[in-house]
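What follows is a single structure, written as structure tokens, with notes after it.
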Amino acid sequence: MLFFLAISLLLNQVTVAADYHHESDLLSKRDNLPKSPDDTIVCRQEPLELGIVLDSSRSIRKTDFNICIDFLKDYLEEFDISKDNVRVAIILYGDGLYTQDAFNLTTFNTKEDVISAIGRINQVEGGQTKTDMGINYMREVQLNAAVVRPGVTRIGLVITDGDSFNKTATAEEAKAARKSGIQMFAVGVGSQVGQTELRNIAGDMSRVSKVDNYGQLKNLIKSLANRTCIKIDTNTTPQPTSKATSPTTSKTTPQTRTTRSTRTTTTTISPNHQGDEPNCQQNPTDIYFVFSPADLGIDNTIWTTDFISSTVSTEYVRTLFKYGVISGSCPDDEGFNLGSYTTEVEIRNRLKSYGISKLPALTKQLATSGYTTERGARSHARKVAVLVVGGKKSAELVSKQVKTLLDQGIEVFIADPTNYGVKIEGATTLKGQSLAQAEELIYYLCNPCQPTTSK
């Protein structure tokens, strides 16, 4: 008999971290996202103080370090670097701080000089990864409130290929940086740096980027650069070209036009775009994740737990969202004792149960009793089901239950660890790796427009 597993800890509303309110005030400089993920908006680059903390430890091969330098050069090409707009500082670290190639916000005043200086950086190959020292130097020396321009956004970007030597110290330094007003971002490269480390640096998974190798860094250039678009302009009326002011967002169709003499970046918002900031302020939602470990296997189950963890750790959804999980097991999964069956036919019949997908029954359980007050559901909240479907065959088996959920007014999303493009009529299929699918889900949860559904 299948049992209904709801994680009560996730059903309770998640409390907000102590430094969340401060960071949300900083992020309030961004206007709301468009109502559709296909809308085009114009991001006007505002003055910015950017501090880069770069891992130079021995675990990074020389060729990979050079690839990282090329990535930084291409990344900085996206900015309007000058003494009045974007200013850049960088510090390298490993066993300690390597200041010989470091520079501060006022060292260079042009994009050409900054990129040239980045290109001259040499790897020191430190034996350890003392990320805490790099963050501390950035906060106390390079982005200190005494040396930055008043009222200008400060961003700290940490790039590392491994967990730090002292994880506790790194987490404390990153928290101190965030509390001082620095918005922290973390880029992890490879398998030796964990999500916990990156989240502790950034403060939230929405400001974490992860790639498998240094060659993939190039895929992050646009998404990282677009996060510095502090103002989002959807006005059809050009803004003044004088000092930057907070634009008023109109309800007219977004226009792509240059409204300032400074560099304008045109960005197409997509649901899985890492630069997007969710607008979750008025959308209370009850969300169930449904998956069967027996169907998925160990690797895809681990993928699923990463996907769920990335979704629930996002700070924008901590106060209005409630989470539940329907997973399951049954006695048939537990095997049988010696002598329980005495004939070949009995044993074969017993073994057939292992080949039956459990996901349809779990989804039926959700439709029957998931969104009840006894299970913690709220009558006024949106109802969302996220089904983890491991392949096209599983999708076919669960399609009937998906229709039942849709008929009940429950929105259905499909998380696909195989990334084979699973489609179920009426449901929205998420795309990409676990973090990318979590970001796409968060977008739709926070912007309840009309998600693109599979047909």
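Just the heavy atoms: all of them, side chains too, but no hydrogens, waters or symmetry mates, feed the values below. These numbers were taken from a predicted model, which means no experiment stands behind them.
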Verify side-chain contact (heavy atoms from CB on, under 4.5 Å) between V53 and Y93, making sure each step is shown before the conclusion. CA-CA 8 Å; V53 181; Y93 69 92; 3.6 Å; yes
Of I91, L105, V88, I52, which meets side chain to side chain contact (heavy atoms under 4.5 Å, CB included) against Q142? I91
Just one of I60, I159, V193, L92 clears the side chain to side chain contact (heavy atoms under 4.5 Å, CB included) bar with D55, so which one? I60
Closest heavy-atom pair and its distance - [X], [Y]:
{"X": "A177", "Y": "M138", "value": "CB-CE, 4.4 Å"}
{"X": "R378", "Y": "T285", "value": "NH2-O, 2.9 Å"}
{"X": "S292", "Y": "L362", "value": "CB-CD1, 3.8 Å"}
{"X": "I201", "Y": "R178", "value": "O-NH1, 3.1 Å"}
{"X": "T304", "Y": "N300", "value": "OG1-O, 2.7 Å"}
{"X": "G390", "Y": "T418", "value": "C-CG2, 4.0 Å"}

Run the salt-bridge test on [X] and [Y] with the 4.0 Å N-O cut-off and return the result as yes or no.
{"X": "E411", "Y": "K383", "value": "no"}
{"X": "K431", "Y": "E440", "value": "no"}
{"X": "R87", "Y": "E49", "value": "yes"}

Any side-chain heavy atom of [X] sitting closer than 4.5 Å to one from [Y]?
{"X": "T160", "Y": "V189", "answer": "no"}
{"X": "L217", "Y": "C68", "answer": "yes"}
{"X": "L366", "Y": "L405", "answer": "yes"}
{"X": "I135", "Y": "V158", "answer": "yes"}
{"X": "E173", "Y": "T170", "answer": "no"}
{"X": "D286", "Y": "F321", "answer": "no"}
{"X": "L220", "Y": "V187", "answer": "yes"}

Working for side-chain contact (heavy atoms from CB on, under 4.5 Å), residues I121 and I90: CA-CA 10 Å; I121 291 176; I90 190 168; 3.8 Å; yes
Quick one: salt bridge (Lys or Arg N to Asp or Glu O under 4.0 Å) partners of K167, sequence neighbours excluded? D163
Tell me yes or no: between the side chains of [X] and [Y], is some donor less than 3.5 Å from an acceptor?
{"X": "D80", "Y": "N85", "answer": "yes"}
{"X": "T63", "Y": "N66", "answer": "no"}
{"X": "S164", "Y": "N166", "answer": "no"}

For Y323 and Y288, I'd like to know if the aromatic rings sit close, meaning centre-to-centre distance below 6.0 Å. no
Would the F103 and F108 ring centres measure less than 6.0 Å apart? yes
Taking only residues two or more places apart in sequence or in another chain, which ones pass ring pair (Phe, Tyr, Trp, His ring centres under 6.0 Å) with F165? none
Crowding at CZ, R61 (>12 non-hydrogen neighbours, <6.0 Å): no
Show the numbers, then the answer: is there a side chain to side chain donor-acceptor pair (under 3.5 Å) between T129 and T131? CA-CA 6 Å; T129 307; T131 311; 5.9 Å; no
Can you say whether the rings of W303 and F307 are parallel (under 30°), tilted (30 to 60°) or perpendicular (over 60°)? parallel
With rounding to the nearest 0.5 Å, note down the distance linking CG in D95 to NZ in K130. 6.0 Å
Derivation of the side chain to side chain donor-acceptor pair (under 3.5 Å) call for T107 and N104: CA-CA 5 Å; T107 306; N104 298 326; 4.8 Å; no
